[in-house]
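Here's the structure we're looking at; comments come further down.
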Amino acid sequence: MGALEGADRRRVTRLVLVAALLHGLAYLFAVAPWMGEDEPWHLEYASHVAELHRPWGGKAAQYGAGAEVDERRLWPTSQLQVRRRMAGTSEEEIAARQREILASMAEHEYFRRVDWAGAVSDRTDFDQVEEFFTATSQPPGYYSVLGAWLFPVRHASIETQLVWARCLSLLLYLASVWVVLQLACCAFSDRSLAIGATLAFAWFPMNARLGAVVNNDVLARTLGAVVLLLCAKRLAGEASRRTLVLAAALVALGLLVKSTVMSLAGVVAIAWMFGGERSARWRNVLLGVVAGAAVIGAVLWLWHVQHSPVLPRNVDAFLARVQRGASLETLGELWRTFVGGFNWYSREFSPTTYAVAGVLAGVALLSAFSALFHTRRGVSRPVLGLCFALLGLQVLLVVLRGEGQGRYLMPAMAALALVFATGLLAPLSNFRRPAGLKLFAMLLFAYDALFLWGGLVPNECLLWGS
Amino acid sequence: MLRALVIAVVALLALFSWREDLPDVEIRLAERTTQAGRIFGGYPLGQGFTCEHDGLHALDVALAPIGGAALPLELELRRGAADGEVVRRASVAAEALPASDGWARFEFEPIEDSGGERFFFALSASDRTGHSPWLRFRGVPYVVRPWGDRALEGSVIEGELLPAPPRPRTDLHHGDLHTLAFAMNYMHPEAGAAKLELFDAQSGEVLRTASIGPGLPCDTGWVFFRFETLADTRWRALRFRVELPTGASLIGNAEGPSIVAYHGGSKVPEDVLGATCAGAELPQRDLVFRAWSSDSRSALLGRLAERGGERILWAAIAWFLAIVVAARLLGRPVEERE
């Protein structure tokens, strides 16, 4: 069977988008309010932007020797952290927003659903949910976009704002699915592989769920897919070098969204070095290394001035973080929260489920890796290599960050979908691939059914603490 | 459509597989911090709750082995009030109690009309037990110093709660302090009261006082000194003085006694009615337990409809249609069909 093109491609695009919209809507309905990880903090940040407060140039807290007053005694730390980020916000305004969100969380039984939060529902500030935690240490990119999106509903109730913010996530999910279909058509000249990769992306449950929650990983994931598409097109010879300039610009924007998109800079560098004429390759490599060093320097400076928690305080802290990130415990947590974690990761599937998923993923990865060295009909090896590079860089970033949360892999989700489809479908002969696609899709649908109806819905709706 | 129906069956099986894993009422704590201590003979520890469904047939109580010989535990279940009619009795043999932190299950004949009824259970033993029930105090907990490794000498213990520095992190992070819990060794029920005084660290002014007992034993557990809420406690320096009855001692480490501070609100769901000791109410706290009643499919669906509402129905419809549409991608391409 040949490539996805012409009328068939248009039909597949329509079907994919309609199916993804319905799938995204299912998650939008199913995920209870405030059940996206850190959602209250993300919405708090964006709602202040929607009120036209600049997400930079706020007022730092006064305390310690020389301070007229120890402001930590006057206001909760989480509110002082917001004030440091947002220019022009008053303490009263910040406190009122937190109380409004907390009241909504209590009304929607957040405290009964999230086991580590405890069941006590009358709380007055975010520190009483988690101490020393804020979203305002994150770069302002996502919150500027979300703040603009929330502007028309900025005077509505906080729950209306939450629903509206989640709708943006749904749109970004749909856009990502479309981008992955284009990417799959670039990577595979085989219809079954292209559809399989797109379905793997759209139906991967934790990815679909990300289309129903408020989180900067949502935008990081979309940017990851777009940059990978641009670089893949360059490697496949379908685009000029200008495409890479656009990709580099998107990476720069992405660094204002989330530090986890740093991996994409590596992908652009690879496409830059290996996407041009052979004669200019050494020059490109040199340029790539110099530009890469400049980008890393600029990013480190940006994170420093943004008080980003991404930067360790000193070398010892960095080494401790790497040791923690590379530990089996962190990597296990990364795997579990990528495959399926519920109620703010306070509940999980059974260990057997993670083991079975691990075996399947291992087979797919090994099989896809072998495709880098053996010809598989319909698979672009350079694009597949680019996907593996992105995956490797993404896992490396998680190790350097020292925190194993599955959503930190999301900028590489598109790459992972392509790798899975390659690993499980490409070894089949052309004749068997359509049948293989059916089995592949049924496995995906069954996994999604287990996740949604055997995990997410029971944990969020049936099992509440008292 | 056939594929979508097959997947829908998978979804239903996955949902109904939860039937036997849904407690009627449960105190869920990701991290258990405070245990009640050993149960003294004649001073049963208990808990009240409202049952949601008919068919109440088992109670699980979270226990931690805290040293000493394990003793069998008896459970009495009363209807209506802590001193109401005994409707069921159950026991767990010493060898069946958890060897590490875990649940002890008390099973009894199902109570057919338990739905909507109030029940109180009490755990008792012939002598001081080697196991302690876990306890949840109603408030926002902040662990100042976790369970220590030694008994502190002296019947009067003084100390400070300080901001950071000098502490690595502040001892009082939140406002609205209303309770301080101390880790306690052997406070006999007839030994008198334990008293707490709380002072301002600078002025020395007494800000709050509280006392516990007599008649409330605690051994290898936490005692909770409750007082009127002190609003201005965030990053504040306070001093405390604890006076202990004869034979009792506080547990701590080299830095001082083990303390958990409780701040803020205390509102919990209405289906938990609080803990009791020898029939008397222990305010603002609950034993960590779960109750098991009907495991029918209709009970599961009823709870889903009540808690999920219409949005779960819409989710199911959209999800099913998504598979129907996606399954059309698996057919042959347009050109081949033409």
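Below, chains carry the letters A, B, ... as their sequence lines are ordered, and counting in each starts from 1.
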(request) Would you check if B:L330 and A:L199 make a side-chain contact, meaning some heavy-atom pair closer than 4.5 Å? (result) yes
(request) Using the side chain to side chain contact (heavy atoms under 4.5 Å, CB included) rule, take B:E31 and A:D115 through it: C-alpha gap first, then chi angles, then the decisive distance, then the call. (result) CA-CA 8 Å; B:E31 199 174 330; A:D115 297 337; over 6 Å; no
(request) Scan for ring-ring contact (aromatic ring centres under 6.0 Å, His included) pairs involving residues 1-34 of chain B, sequence neighbours excluded, and state none if there are none. (result) none
(message) Which atoms of A:L463 are under 4.5 Å from chain B, going by heavy atoms: the side chain, the backbone, both sets, or neither?
(response) both
(message) With side chain to side chain contact (heavy atoms under 4.5 Å, CB included) as the criterion, how do A:S121 and B:V268 come out once you've worked through the C-alpha distance, each side chain's angles and the decisive distance to 0.1 Å?
(response) CA-CA 6 Å; A:S121 58; B:V268 296; over 6 Å; no
(message) Taking the cut-offs as 6.0 angstrom to the six-membered ring centre and 45 degrees off its axis, would you call A:R73 and B:W235 a cation-pi pair?
(response) no
(message) Salt bridge check, A:R112 against B:D271: does any charged N sit closer than 4.0 Å to a carboxylate O?
(response) yes
(request) Step through the shown structure and confirm whether more than 12 heavy atoms of other residues, nucleotides or ligands are within 6.0 Å of OH on A:Y63. (result) no
(request) Look at B:V10, B:L15, B:V6, B:I7 and state which one has the largest set of heavy-atom pairs under 4.5 Å with chain A. (result) B:I7
(message) Is A:V31 close to chain B through its backbone or its side chain, or both, or neither, when contacts mean heavy atoms under 4.5 Å?
(response) backbone
(request) Would you sort out whether A:L452 and B:W319 count as a side chain to side chain contact (heavy atoms under 4.5 Å, CB included), showing the intermediate values? (result) CA-CA 9 Å; A:L452 185 58; B:W319 180 80; 3.4 Å; yes
(request) Considering non-hydrogen atoms only, spot the tightest contact between A:R191 and B:G331 and give its length. (result) NH1-O, 3.3 Å
(request) Could you grab the distance from atom CG of B:L329 to atom CG of A:L437, nearest 0.5 Å is fine? (result) 8.5 Å
(message) With a strict 4.5 Å heavy-atom criterion, list every residue of residues 167-178 of chain B that contacts chain A, or say none.
(response) B:R169, B:H173, B:H174
(message) Restricting to salt bridge (charged side-chain N to carboxylate O under 4.0 Å, His left out), what partner residues turn up for B:R145, sequence neighbours left out?
(response) none
(request) Validate the cation-pi geometry between B:R28 and A:W464: distance from NZ or CZ to the six-membered ring centre under 6.0 Å, angle to the ring axis within 45°. (result) no
(message) So which atom in A:A19 and which in B:A322 form the shortest heavy-atom distance, rounded to 0.1 Å?
(response) O-CB, 3.6 Å
(message) Counting heavy-atom pairs under 4.5 Å with chain B, which one of A:H23, A:M442, A:E460 comes out on top?
(response) A:M442
(request) Heavy-atom distances under 4.5 Å only: say whether A:I195 touches chain B with side chain, backbone, both or neither. (result) side chain
(request) Please report the shortest heavy-atom distance between B:R307 and A:L462, naming the atom on each side. (result) NH1-O, 3.0 Å
(request) Pick one of side chain, backbone, both or neither for A:R10, based on which atoms fall under 4.5 Å of a heavy atom in chain B. (result) neither
(request) Taking side chain to side chain contact (heavy atoms under 4.5 Å, CB included) as the test, write out the residues that go with B:A181, two or more places apart. (result) B:W222, B:F224, B:V260, B:Y262
(request) Any chance you could measure B:I317, atom CD1, to A:F29, atom CZ, to the nearest 0.5 Å? (result) 9.0 Å
(request) Tell me, out of B:L12, B:L29, B:D232, B:V324, who's got the most heavy-atom pairs with chain A below 4.5 Å. (result) B:D232
(request) Check whether any side-chain heavy atom of B:R3 lies under 4.5 Å from a side-chain heavy atom of A:K438, and answer yes or no. (result) yes
(request) Let me know if A:S346 has heavy atoms under 4.5 Å from chain B in its side chain, its backbone, both or neither. (result) neither
(request) Below 4.5 Å from any heavy atom of chain B, which atoms of A:A435 appear? Answer side chain, backbone, both or neither. (result) neither
(message) For a quick test of reading the model, state the closest non-hydrogen atom pair linking A:S466 to B:V25 and the distance between them.
(response) OG-CG1, 3.7 Å
(request) Answer with side chain, backbone, both or neither: which region of A:R123 has an atom nearer than 4.5 Å to a non-hydrogen atom of chain B? (result) side chain
(message) Can you tell me which portion of A:Y27 sits under 4.5 Å from chain B's heavy atoms? Options are side chain, backbone, both or neither.
(response) neither
(request) Under the side chain to side chain contact (heavy atoms under 4.5 Å, CB included) rule, what do B:R234 and A:D125 come out as? Steps first, then yes or no, please. (result) CA-CA 12 Å; B:R234 204 177 287 122; A:D125 59 68; 4.1 Å; yes
(request) Work out which heavy atom in A:C461 is nearest to a heavy atom in B:G308; give both atom names and the distance. (result) SG-CA, 3.9 Å
(request) Please report the closest heavy-atom contact between A:W453 and B:A11, naming both atoms and the distance. (result) CD1-CB, 3.5 Å
